[in-house]
Trainee: 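Sharing a structure, written as structure tokens. Questions coming.
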Amino acid sequence: MFKALKDNKIIAVNETGEFPCMVLDTVEEDTEHQVSDYVHCNGEFVLTTSDPAIEQYKENKRYERDVMIEKYEWRLSRYERQKAIGIETTDSEETYIKLCQYIQELRDLPEKDKWWELELKEFEF
């Protein structure tokens, strides 16, 4: 595989070594890695095991987790409001508790080993 470098940064990777229409300083062959070993991060390509890549993975996973939490918060709020005004709740208490536990598991995600590599699962009603 080949790397295109500009200002000592890897700006592209591929199997051919041809980078048409790119402004670059040099092309280097990398016999130790494959294209899949690199990820685009902050305007350059870095090894997937590098600190910048891992920080990017963590940021992406936090965003994904926050979206999941936000996706279900309204159901908790609806249940609590229905309870507060004394009307029949749309969700059962069991569902409410399980959803609370699910959201807490999402919040606790960063405490797990290599949590940024874990696949988040949807809540099943």
Side-chain angles (χ1 to χ4, degrees):
M1 70 134 292
F2 296 87
K3 307 182 287 191
L5 289 97
K6 176 74 176 162
D7 300 327
N8 292 320
K9 294 181 180 179
I10 302 170
I11 59 170
V13 293
N14 69 26
E15 296 292 343
T16 66
E18 296 180 25
F19 299 93
C21 301
M22 290 192 81
V23 177
L24 52 91
D25 295 330
T26 186
V27 173
E28 292 180 2
E29 186 172 8
D30 183 343
T31 58
E32 296 178 33
H33 301 101
Q34 299 175 12
V35 171
S36 61
D37 293 336
Y38 286 90
V39 62
H40 192 260
C41 180
N42 297 323
E44 65 181 307
F45 284 84
V46 296
L47 288 171
T48 58
T49 56
S50 70
D51 289 342
I54 291 172
E55 287 306 311
Q56 185 68 48
Y57 295 145
K58 288 178 179 179
E59 183 180 322
N60 293 348
K61 191 58 68 170
R62 277 190 194 94
Y63 175 79
E64 184 183 350
R65 176 204 59 183
D66 293 348
V67 166
M68 296 287 278
I69 290 172
E70 190 175 309
K71 182 177 181 177
Y72 296 111
E73 282 287 344
W74 70 270
R75 287 190 84 143
L76 297 179
S77 180
R78 178 183 65 185
Y79 179 88
E80 292 160 0
R81 288 180 182 153
Q82 289 172 337
K83 279 294 238 190
I85 61 173
I87 63 173
E88 185 177 341
T89 59
T90 306
D91 290 321
S92 68
E93 183 176 359
E94 180 183 1
T95 299
Y96 173 76
I97 291 170
K98 285 182 179 180
L99 188 52
C100 286
Q101 291 168 336
Y102 168 79
I103 289 174
Q104 190 59 50
E105 286 176 20
L106 290 173
R107 288 191 176 115
D108 294 341
L109 187 67
E111 296 172 13
K112 295 183 179 180
D113 191 37
K114 293 192 174 188
W115 60 274
W116 59 93
E117 295 177 356
L118 300 175
E119 184 178 336
L120 299 183
K121 294 183 170 67
E122 293 280 340
F123 181 76
E124 293 185 24
F125 290 93

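Start at 1 with the first residue, then count along the sequence. All heavy atoms count here, side chains included; hydrogens, waters and symmetry mates do not.
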Trainee: Can you sort out the partners of R78 under salt bridge (Lys or Arg N to Asp or Glu O under 4.0 Å), two or more places apart, ordered by chain and number?
Mentor: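 Partners of R78 by the salt bridge (Lys or Arg N to Asp or Glu O under 4.0 Å) criterion, ordered by chain and then number, come out as D91.
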
Trainee: What about W74 and F125, same hydrophobic cluster or not, with Ile/Leu/Val/Met/Phe/Trp/Tyr joined at side-chain heavy-atom distances under 4.5 Å?
Mentor: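 Not linked; separate clusters.
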
Trainee: Tell me if the CD atom of E29 is crowded by more than 12 foreign heavy atoms within 6.0 Å.
Mentor: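 Yes, because the 6.0 Å sphere around CD of E29 holds more than 12 heavy atoms from other groups.
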
Trainee: In Å, rounded to the nearest 0.5 Å, how long is the span from CG of L5 to CD of E44?
Mentor: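 Those atoms lie 9.5 Å apart.
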
Trainee: I'd like to know if the side chain of D7 and the backbone of K9 have a donor-acceptor N/O pair within less than 3.5 Å.
Mentor: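 It does not hold such a pair.
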
Trainee: Check for me, please, whether V27 and I10 land in the same ILVMFWY cluster - side-chain distances under 4.5 Å, paths through other members count.
Mentor: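 Different clusters: V27 never reaches I10 through Ile, Leu, Val, Met, Phe, Trp or Tyr contacts under 4.5 Å.
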
Trainee: Are L106 and I97 co-members of a hydrophobic cluster defined by side-chain heavy atoms under 4.5 Å apart?
Mentor: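 Linked within one cluster.
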
Trainee: Between the main-chain N or O of L118 and the side-chain N or O of K61, is there a donor-acceptor pair closer than 3.5 Å?
Mentor: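 Pair found, side chain donor or acceptor close to backbone of L118.
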
Trainee: Between P52 and C41, what is the shortest heavy-atom contact and its length?
Mentor: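 Minimum heavy-atom separation between P52 and C41: O-SG, 3.4 Å.
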
Trainee: Could you tell me the separation between the CD atom of E59 and the CH2 atom of W116, rounded to the nearest 0.5 Å?
Mentor: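 Taking CD in E59 and CH2 in W116, the distance rounds to 14.5 Å.
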
Trainee: Apply side chain to side chain donor-acceptor pair (under 3.5 Å) to T90 and list each qualifying residue two or more places apart in sequence or on a separate chain.
Mentor: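 Per chain and number, T90 pairs via side chain to side chain donor-acceptor pair (under 3.5 Å) with Q82.
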
Trainee: Are N60 and Q56 close enough that a side-chain donor and a side-chain acceptor fall under 3.5 Å?
Mentor: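 Present: a donor and an acceptor within the cut-off.
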
Trainee: Any idea which heavy atoms bring E15 and V35 closest together, and the distance?
Mentor: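 Nearest pair, atom of E15 first, then V35: OE2-CG2, 3.3 Å.
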
Trainee: Between K3 and E32, does at least one N-O distance fall below 4.0 Å, as a salt bridge requires?
Mentor: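 No, K3 and E32 are not salt-bridged.
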
Trainee: Is the shortest side-chain heavy-atom distance between L109 and L120 below 4.5 Å?
Mentor: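 Yes - at least one pair of side-chain heavy atoms lies under 4.5 Å apart.
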
Trainee: Under 6.0 Å from the ring centre and within 45 degrees of the ring axis: does the NZ or CZ of R75 meet both conditions for the six-membered ring of F123?
Mentor: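 Pair R75/F123 does not count as cation-pi.
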
Trainee: Which heavy atom of S36 sits nearest a heavy atom of T48, and at what distance?
Mentor: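 That closest heavy-atom pairing would be O-CG2, 3.8 Å.
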
Trainee: Using 0.5 Å steps for rounding, measure from the CG atom of L76 to the CG atom of L99.
Mentor: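 So the gap between those two atoms works out to 4.5 Å.
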
Trainee: How about D51: does its CG atom have over 12 heavy atoms from other parts shown lying under 6.0 Å from it?
Mentor: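 It does not: D51 CG has 12 such atoms or fewer within range.
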
Trainee: Any side-chain heavy-atom pair from Y57 and V39 closer than 4.5 angstrom?
Mentor: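 Touching, per the 4.5 Å side-chain cut-off.
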
Trainee: Going from CD on E105 to NZ on K121, what distance comes out if it is rounded to the nearest 0.5 angstrom?
Mentor: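 That separation rounds to 11.0 Å.
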
Trainee: If the condition is salt bridge (Lys or Arg N to Asp or Glu O under 4.0 Å), which residues does E117 pass it with, not counting sequence neighbours?
Mentor: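 Testing E117 for salt bridge (Lys or Arg N to Asp or Glu O under 4.0 Å), a comparison that skips the adjacent residues, returns none.
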
Trainee: Do E18 and N14 meet the criterion of a side-chain donor-acceptor pair at a distance under 3.5 Å?
Mentor: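 Not at all, the side chains of E18 and N14 share no donor-acceptor pair under 3.5 Å.
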
Trainee: Restricting to side chain to side chain donor-acceptor pair (under 3.5 Å), what partner residues turn up for Y96, sequence neighbours left out?
Mentor: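 If we apply the side chain to side chain donor-acceptor pair (under 3.5 Å) test to Y96, skipping adjacent residues, the hits are E80.
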
Trainee: Taking atom types as modelled, find out whether E122 and Y102 have a side-chain donor-acceptor pair closer than 3.5 angstrom.
Mentor: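 Judged by distance alone, the side chains do not pair up.
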
Trainee: What's the shortest heavy-atom distance between L47 and S50, and which atoms?
Mentor: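 Residues L47 and S50, closest heavy atoms: O-OG, 2.8 Å.
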
Trainee: Residues in ring pair (Phe, Tyr, Trp, His ring centres under 6.0 Å) with Y38, at least two apart?
Mentor: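 Listed in chain order: H33.
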
Trainee: How long is the straight-line distance from CG of D37 back to CE of M1, given to the nearest 0.5 Å?
Mentor: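 Taking CE in M1 and CG in D37, the distance rounds to 8.0 Å.
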
Trainee: State which residues pass side chain to side chain donor-acceptor pair (under 3.5 Å) with K83; sequence neighbours excluded, sorted by chain then number.
Mentor: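 With neighbours one apart ignored, the set is empty.
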
Trainee: Just how far is it from atom CZ of F2 to atom OG1 of T26, taken to the nearest 0.5 Å?
Mentor: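 Going from CZ on F2 over to OG1 on T26, the span is 11.5 Å.
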
Trainee: If you define the side chain from C-beta out and look only at heavy atoms, does anything of I69 sit under 4.5 Å from R65?
Mentor: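 I69 reaches R65 side chain to side chain.
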
Trainee: Please say whether more than 12 non-hydrogen atoms of neighbouring residues, nucleotides or ligands are located less than 6.0 Å from OH in Y63.
Mentor: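 Not more than 12 within 6.0 Å, no.
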
